[in-house]
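Working notes, structure below.
Below, chains carry the letters A, B, ... as their sequence lines are ordered, and counting in each starts from 1. Because the structure is a prediction, the values reported are computed rather than measured.
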Amino acid sequence: MSSATFSNPSLYLSTTTTTTAHSPSPSPPPPTPPSLLALRPADLAGLITESTSLRRVRELHAAALRSGHHLHPIVNFRLQRSYARSSSSSSDLDRSLSLLRLTPQPNVFFFTASIHSLASHGRPLDALLLFSRMLSLSVPPNAFALSAALTACPLHPGRALHALALKLSLVPHDPYVATSLLHMYARAAHPAAARRLFDAMPRRRLVSATAMITCYAKMGDLARARRLFDETPHKDAVCWNAMIDGYAAHSSPRESLRLFRRMLASGATPNEGTVVSVLSAVAQLGSAAPGKWLHSYIKSDGSIRLTPKVGTALIDMYCKCGSLEDAVAVFHTVANKDVVVYNSMIAGYAMHGRSRDALELFARLCDRGLRPTDITFIGVLNACSHSGLVDEGREFFHSMEKDYSIEPKIEHYGCMVDLLGRAGLVDEAYELIRSMKIEPDTVMWGSLLAACRQHKNLALGENIANFLLSNGIANSGTYVLLSNIYAAVGNWEEVARIRTLMKESGVQKEPGCSSIEVGSKVFEFVVGDLSHPKSKEIYKMLEEMNGLLRDRGYVPQTELVLHDLGEAEKERALAVHSEKLAVAFGLISTRPGTTIKIVKNLRVCSDCHTAFKMISEIVRRKIIVRDRNRFHHFSEGSCSCGDYW
DNA sequence: TTAGGGTTAG
C-alpha cells in the first residue's frame with residue numbers, strides 16, 4: 001500500500017477539525033438571492049434534492065451557510081448526497097467530505113454516500129479508511145456500506161470485508177454484497193474464489209454472471225468465459241461488452257468483431273463501451289473497411305457520442321489502419337480533449353514517421369495547460385527514434401523527470417536504446433542500459449542487438465548475444481540477429497554454427513504473415529504460400545515484378561536468408577516472402593492507381609523494403625505497410641521512413 | 001447502490 005494513494009486522509013480522519021477543513025469552499029460563495037435566505041430548513045432541503053445542476057447545489061449550499069441552516073441534519077445530508085452524486089472534480093468530493101465531518105453523528109447512509117464517492121473516484125483506499133472510521137464510531141455497517149467499500153477494493157482488505165460480510169450474514173444471499181466480493185476477487189485474479197461465491201449465490205443474476213465472465217476474460221480464460229456467456233440468457237450491453245472486450249484484449253480481434261455482429265443481430269443495443277472495445281479489435285486487425293463501417297455506425301447511432309474515450313479509440317483505430325488523415329479529422333472533432341486523446345494522436349504521428357507533427361502536438365498539449373503523462377513521452381520518444389532526432393530525444397528524456405517529475409520506466413529506456421542504437425550510437429545505448437536501475441528486458445537487448453547488426457558492431461553484438469544465450473534469455477530473435485550480424489561481416493562459418501545451435505535448442509523463428517484487404521475481405525499469406533485459389537496469377541505477377549525490378553538494378557539481399565541454401569534458392573526464398581505475395585495479390589486484384597495496404601506481423605524485411613520502393617515507382621501506386629513497429633508509406637520510389645528504421 | 005470501454009517502446 002503506497003502512501004501516495006491516500007489523497008488526504010487527515011481531511012476526514014482527524015477528529016479535530018481546522019478552519020480550512022470546516023470551510024466547504026476556498027472561494028467566496030456566489031451572491032445569494034434574498035429569497036433563499038428566508039427559507040425554512042425543510043424547504044431548503046427540498047430544493048437541494050430537486051436541483052439538477054452542481055451550480056444550483058452550490059448556490060443552495062451558500063444560502064445554507066448564510067442562514068446557518070447548514071448544520072441542520074436534513075439540509076446537511078441532502079447537500080452531502082448531492083455533492084457525492086454529482087461530484088465531477090475532487091474539490092466537489094472534498095466539499096462533500098467536509099460536510100460529513102461537520103455532521104455531529106453521521107449515520108450509515110451518510111457514510112455510504114461518501115464511501116461510494118471516494119471509491120468511484122479512484123480513491124478506493126480512502127474509501128476503505130472511511131469505512132473503518134465508520135466502524136470505529138460504532139456505526140453498524142449494512143449491505144450498502146459494505147458493497148460501497150468493496151468497490152475497487154484490493155484483495156487483502158477485501159478478504160477481511162468478506163469475513164465481515166459472512167459475520168453479518170450478507171453473503172451469499174445479498175446479491176449486491178456477493179457481486180461486489182466477486183468483483184474484488186476478479187480484480188485480484190482469483191477466479192476460483194470468485195466462482196465459489198458465484199456458485200453459492202441462490203439466484204444467478206445477470207450482473208454476477210457478467211462479473212464472472214469479466215473475471216475469466218481478464219485472466220485470458222476465454223473458453224470458460226464464453227461457456228458462461230453462452231449459458232447466460234437475456235444479456236444486456238454490459239454482458240456482451242465483457243465478452244467482446246475479452247476477445248479484443250486477448251488478441252482475438254476477429255472473434256471480437258464476430259461477436260459484435262451477433263450482438264447487433266440479437267437486438268441488444270451497443271453503447272459507448274461496446275464500440276470502444278470493438279474499435280480496439282479493429283485497430284489490431286488494421287483493416288480499414290470494418291473501421292469505417294464502425295465509424296459510420298457510431299455517427300448514425302444517436303446515443304453514442306464522440307466523447308474523449310470514443311475519440312481516442314477512433315483515432316487509434318484510424319492510425320493503426322493506415323489512415324492518418326481520418327485520425328486527424330477525428331482529433332479535431334473531439335470536444336474537451338484530454339491528455340489521452342493527445343497521446344493517441346502523438347503515438348499515431350510517431351508510428352507513421354510524422355515526427356515533427358508529433359512534437360508540435362506535444363507542444364500544443366502543453367500550451368493548452370494539459371499535463372503530459374508517461375505515455376505521452378513514449379509517443380514523443382518514439383517519434384524522435386523513428387526520425388533519428390537524437391538531441392531532441394535526449395532532451396525529452398531528461399526533461400520528463402526534471403520538468404514533469406515523471407520517472408522514466410523501462411519503456412522510456414527502451415525508446416532511448418532504440419533511438420541511440422538506430423542512430424549508430426551503439427556504445428552509448430549500451431552504457432544507458434548498464435546505468436539503469438531497472439532490470440533490462442529481452443526486447444531491449446534485442447533492440448540493441450538489431451542496432452549492432454545494422455551498424456556492423458560485431459564485438460558488442462557477439463558479447464550481448466553470448467550473454468543472452470548463456471543466461472537462457474535468448475529468443476528466436478536473438479539467434480536470427482546474431483546470425484545476421486555474422487552474415488553482415490561475411491563470417492559464414494559462424495552463421496552455420498548459429499543455425500545448428502538454433503536447431504538443437506529447438507527455437508523457431510516466428511513465421512511471418514502478411515494480410516491484405518480486398519473488397520472488404522482479408523487475405524493472409526505466409527512465406528511461399530500456395531493456398532490462395534489465384535496462386536497461379538499471384539506467382540505470375542511476382543515473376544513479372546521480379547523481371548522489372550532486375551531491369552532497374554535490384555539485387556536480392558540473399559545474406560538475409562538464414563537457411564543453408566544455394567544462391568539461387570536463397571533468391572527464391574526471398575522472392576516468396578509473405579509481404580511480396582500480398583503485394584502481388586494486391587496488384588492483380590485491385591484497380592490501377594489505388595493504394596495497396598498490407599499488414600505484417602513482424603518487421604518488414606529489408607529486401608522487401610527495397611523492392612517495394614521500386615515497385616511503387618514502377619506501377620505508380622502507393623503501398624502502405626504496417627509492420628510490427630510502424631508504418632511505411634511507399635510512393636514514387638521512396639519510403640516515408642526515409643530508410644531509417 | 002452493483003458492472004465496462006480509450007493512449008504505451010522494441
**Item:** Sugar-phosphate only, base, or nothing, as touched by A:Pro175 at under 4.0 Å among non-hydrogen atoms
**Value:** nothing
**Asked** How is A:Lys337 classified with respect to the nucleic acid when contacts are heavy atoms under 4.0 Å: base, sugar-phosphate, or nothing?
**Response** nothing
**Request:** List in numerical order all residues of residues 354-363 of chain A for which some heavy atom is under 4.0 Å away from an atom belonging to DNA chain B.
**Result:** none
**Check: A:Asp316/A:Ser344 side-chain N/O donor and acceptor closer than 3.5 Å** = no
**Message:** Using a 4.0 Å heavy-atom cut-off, does A:Thr312 contact any base of the nucleic acid, only the sugar-phosphate backbone, or nothing at all?
**Reply:** base
**Prompt:** Near A:Asp199 CG, under 6.0 Å, is it more than 12 heavy atoms from other residues, nucleotides or ligands?
**Reply:** yes
**Item:** Residues from residues 436-446 of chain A lying under 4.0 Å of DNA chain B - heavy atoms
**Value:** A:Asp441, A:Val443
**Prompt:** What pairs of residues pass the ring pair (Phe, Tyr, Trp, His ring centres under 6.0 Å) test when at least one of them lies in residues 305-348 of chain A, not counting sequence neighbours?
**Reply:** A:His295-A:Tyr318, A:Phe331-A:Tyr342
**Prompt:** Between A:Thr274 and A:Asn271, does any side-chain donor sit less than 3.5 Å from a side-chain acceptor?
**Reply:** yes
**Prompt:** At under 4.0 Å between heavy atoms, what does A:Arg422 touch on the DNA or RNA strands: base, sugar-phosphate, or nothing?
**Reply:** sugar-phosphate
**Message:** By the 4.0 Å heavy-atom rule, please label A:Asp374 as base, sugar-phosphate, or nothing.
**Reply:** nothing
Kindly list each side-chain donor-acceptor pair under 3.5 angstrom involving residues 438-450 of chain A, sequence neighbours excluded, with atom names and distances?
residue  : atom : partner  : partner atom : Å
A:Asp441 : OD1  : A:Met444 : N            : 2.9

**Request:** Compute whether any side-chain donor of one residue and acceptor of the other, for A:Thr179 and A:Ser208, lie under 3.5 angstrom apart.
**Result:** yes
**Prompt:** Do A:Arg628 and A:Glu510 meet the salt-bridge criterion of a basic N to acidic O distance under 4.0 Å?
**Reply:** yes
**Message:** Would you say A:Thr373 and A:Thr376 are linked by a side-chain donor-acceptor pair, where the criterion is simply a distance under 3.5 Å?
**Reply:** yes
**Covered region of DNA chain B, 5' end to 3' end, by chain A [heavy atoms, under 4.0 Å]** = B:dT1 to B:dG10
**Message:** Please classify the nucleic acid contact of A:Arg205 as base, sugar-phosphate, or nothing, using heavy-atom distances under 4.0 Å.
**Reply:** base
**Request:** Describe the nucleic acid contact of A:Ile410 in one word from base, sugar-phosphate, nothing, applying a heavy-atom distance below 4.0 Å.
**Result:** base
**Ring geometry between A:Tyr185 and A:His190 (parallel below 30°, tilted from 30 to 60°, perpendicular above 60°)** = tilted
**Asked** Can we call the ring centroids of A:Tyr404 and A:Phe377 under 6.0 Å apart?
**Response** yes
**Item:** ring pair (Phe, Tyr, Trp, His ring centres under 6.0 Å) contacts touching residues 412-441 of chain A (sequence neighbours left out)
**Value:** A:Phe397-A:Tyr413
**Asked** When we call it a touch if two heavy atoms are under 4.0 Å apart, what does A:Val310 touch: a base, just sugar-phosphate, or nothing?
**Response** nothing
**Request:** Determine the contact category for A:Asp418: base if any of its heavy atoms lies under 4.0 Å from a base atom, sugar-phosphate if only primed atoms, P, OP1 or OP2 are that close, otherwise nothing.
**Result:** sugar-phosphate
**Message:** Applying a 4.0 Å non-hydrogen cut-off, can you work out what A:Thr373 is touching in the nucleic acid: base, sugar-phosphate, or nothing?
**Reply:** nothing
**Request:** Mind checking A:His412 for me? I need base, sugar-phosphate or nothing, with any heavy atom below 4.0 Å counting as a touch.
**Result:** nothing
**Message:** So that I can tick it off, tell me whether A:Glu392 and A:Arg356 are bridged by a salt bridge, with the cut-off set at under 4.0 angstrom between side-chain N and carboxylate O.
**Reply:** yes
**Prompt:** Reckon A:Ser147 touches a base, only the sugar-phosphate, or nothing at all at heavy-atom distances under 4.0 Å?
**Reply:** base
**Asked** How would you label the glycosidic angle of B:dG5: syn (within 90° of 0) or anti?
**Response** syn
